Amino acid sequence: SVTYNTLIDGLCKEGQIDIALSLFDSMKKKRCKPDELTYTVLINGVCKEGKLQQACELFNELIEMGISPGTLVYTALVDGHCKCGKIDVALGLMNQMVENGCEPNLYTYNALINGLCKENRVLEADNVFGKMLGEGLAPSLVTYTTLVDGLCRAGAMDLAFKVLDKMVKQGCSPNVYTYSALIHGLCREGRLEEAEMFIGEMKEKGLQPNRVTYTSLMDGNVKSGRVDHAFDLLSKMINEGCQPN
RNA sequence: GGUAACAAAAGCCAU
């Protein structure tokens, strides 16, 4: 089964879903019983093609096989629905999994928070985040960065800063993506000096702002009529060995 | 034991 799962997963990740499915068929004809992982990687694969219907069929098949669905396969299904914008179905699946005695974990919550953020339902995302904390789950860098990015895009900078604050208090260090999201959000509101302060903070922490970080800040300056300063930033980034594109 | 589910940003152009 490990052998088959490995190959099926590889094919799915290459986008060769049809070949993966036929390998899955031959697996079933042999003595190798598909397990939860087999269904997880397949569901993951078909969801990436937008075939949610097929994902649900696979899930039903797993149940018919007498396998009890665990967090892994539920998370794949929740994430798949989120990525296709079917957040409300995903929320329903979450409830269903809890009813079946299966606890959502960090990955499940992250998938849901991401889905809500990408649909601009950031307040709900923040609520899910709160719920996750309430259950004693420790958010990860993925959780924080996803949420900060979503909040910044939605223009909810105040909330974004609250999350950032929690993040550092938990001893989780923001990365270049986290900072870039904040800088972008601040620039969009014309808060250029604050945005630039974060560049300084990044360097203090040994994080090198990259091309995206700088371009974002330069664009903010340009849009606020500070083209001169945008050029200052350009020299600065070049001096730091960061090539413009 | 070995396979496994979660985020990833800017600008420009086109639609």
Side-chain angles (χ1 to χ4, degrees), chain A residues 1-13 20 23-24 27 32 34-48 55 58-59 62 69-83 90 93-94 97 102-118 125 128-129 132 137 139-153 160 163 167 172 174-188 195 198-199 202 207 209-223 230 233-234 237 242-245:
Chain A
S1 292
V2 177
T3 318
Y4 273 109
N5 288 350
T6 306
L7 292 171
I8 290 172
D9 185 44
L11 289 166
C12 285
K13 298 229 157 92
L23 192 58
F24 176 55
M27 172 180 192
C32 287
D35 56 17
E36 187 187 353
L37 204 46
T38 321
Y39 285 96
T40 302
V41 299
L42 275 171
I43 286 173
N44 204 16
V46 299
C47 284
K48 293 219 165 80
L58 283 162
F59 184 75
L62 163 139
T71 306
L72 221 59
V73 70
Y74 265 116
T75 301
L77 207 54
V78 165
D79 180 53
H81 281 81
C82 285
K83 293 244 163 66
L93 285 164
M94 271 282 268
M97 82 187 269
C102 179
E103 287 304 314
N105 68 7
L106 175 68
Y107 282 28
T108 326
Y109 277 107
N110 285 352
L112 203 58
I113 290 170
N114 182 239
L116 289 164
C117 284
K118 294 295 181 316
V128 170
F129 175 67
M132 157 179 198
L137 280 172
S140 65
L141 176 66
V142 172
T143 322
Y144 287 118
T145 302
T146 304
L147 190 56
V148 165
D149 180 64
L151 292 167
C152 287
R153 279 179 197 285
V163 173
M167 178 177 190
C172 182
N175 66 10
V176 180
Y177 290 92
T178 325
Y179 279 114
S180 297
L182 288 161
I183 290 170
H184 184 221
L186 288 167
C187 283
R188 279 196 348 181
F198 275 112
I199 296 270
M202 288 176 77
L207 281 176
N210 62 22
R211 185 154 62 202
V212 174
T213 323
Y214 274 115
T215 306
S216 193
L217 189 56
M218 287 168 63
D219 180 57
N221 277 272
V222 167
K223 296 225 161 89
L233 291 165
L234 178 66
M237 80 182 262
C242 180
Q243 284 298 113
N245 65 4

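Below, chains carry the letters A, B, ... as their sequence lines are ordered, and counting in each starts from 1. The structure displayed is predicted, hence computed values, not measured ones.
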With N5(A) via side chain to side chain donor-acceptor pair (under 3.5 Å) - residues at least two apart: D35(A), T38(A)

From A9(B), C6(B), A8(B), nucleotide with atom closest to N44(A) side chain: C6(B)

Of the listed nucleotides G2(B), A7(B), A5(B), the one nearest the side chain of T71(A): A5(B)

OP1 or OP2 of A7(B) under 4.0 Å from side-chain N/O of K83(A): yes

Between A9(B) (C1') and R188(A) (CZ): distance, integer Å: 13 Å

Among A5(B), A9(B), A4(B), the nucleotide that comes nearest once only the side chain of S180(A) is considered: A9(B)

Any K48(A) side-chain N or O less than 4.0 Å from OP1/OP2 of A5(B): no

Touch class at under 4.0 angstrom, heavy-atom based, for T40(A) against every strand present: sugar-phosphate

Contacts of type side chain to side chain donor-acceptor pair (under 3.5 Å), residue Y179(A), not counting sequence neighbours: E201(A), K205(A)

Taking only N/O atoms, report every protein-nucleotides 10-14 of chain B pair under 3.5 Å with atom names and distance.
from, atom 1, to, atom 2, distance (Å)
A10(B), OP1, R153(A), NH1, 3.3
A10(B), OP1, R153(A), NH2, 3.4
A10(B), O2', S216(A), N, 3.4
A10(B), N1, N245(A), ND2, 3.3

Pairing residues for R188(A) by the side chain to side chain donor-acceptor pair (under 3.5 Å) criterion, not counting sequence neighbours: none

side-chain contact (heavy atoms from CB on, under 4.5 Å) partners for A195(A), two or more places apart: I183(A), L186(A), C187(A), L217(A)

Among A9(B), A5(B), A8(B), the one nearest N175(A) by side-chain distance: A8(B)

Sequence neighbours excluded - salt bridge (Lys or Arg N to Asp or Glu O under 4.0 Å) pairs with any residue from residues 1-11 of chain A: D9(A)-K13(A)

Residues from residues 140-149 of chain A lying under 4.0 Å of RNA chain B - heavy atoms: V142(A), T146(A)

Y107(A)/Y74(A) aromatic ring centres below 6.0 Å: no

Partner residues of T108(A) under the side chain to side chain donor-acceptor pair (under 3.5 Å) criterion, sequence neighbours left out: T75(A), N105(A)

Residues in side-chain contact (heavy atoms from CB on, under 4.5 Å) contact with V176(A), at least two apart in sequence or another chain: S180(A), M202(A), L207(A), N210(A), T213(A)

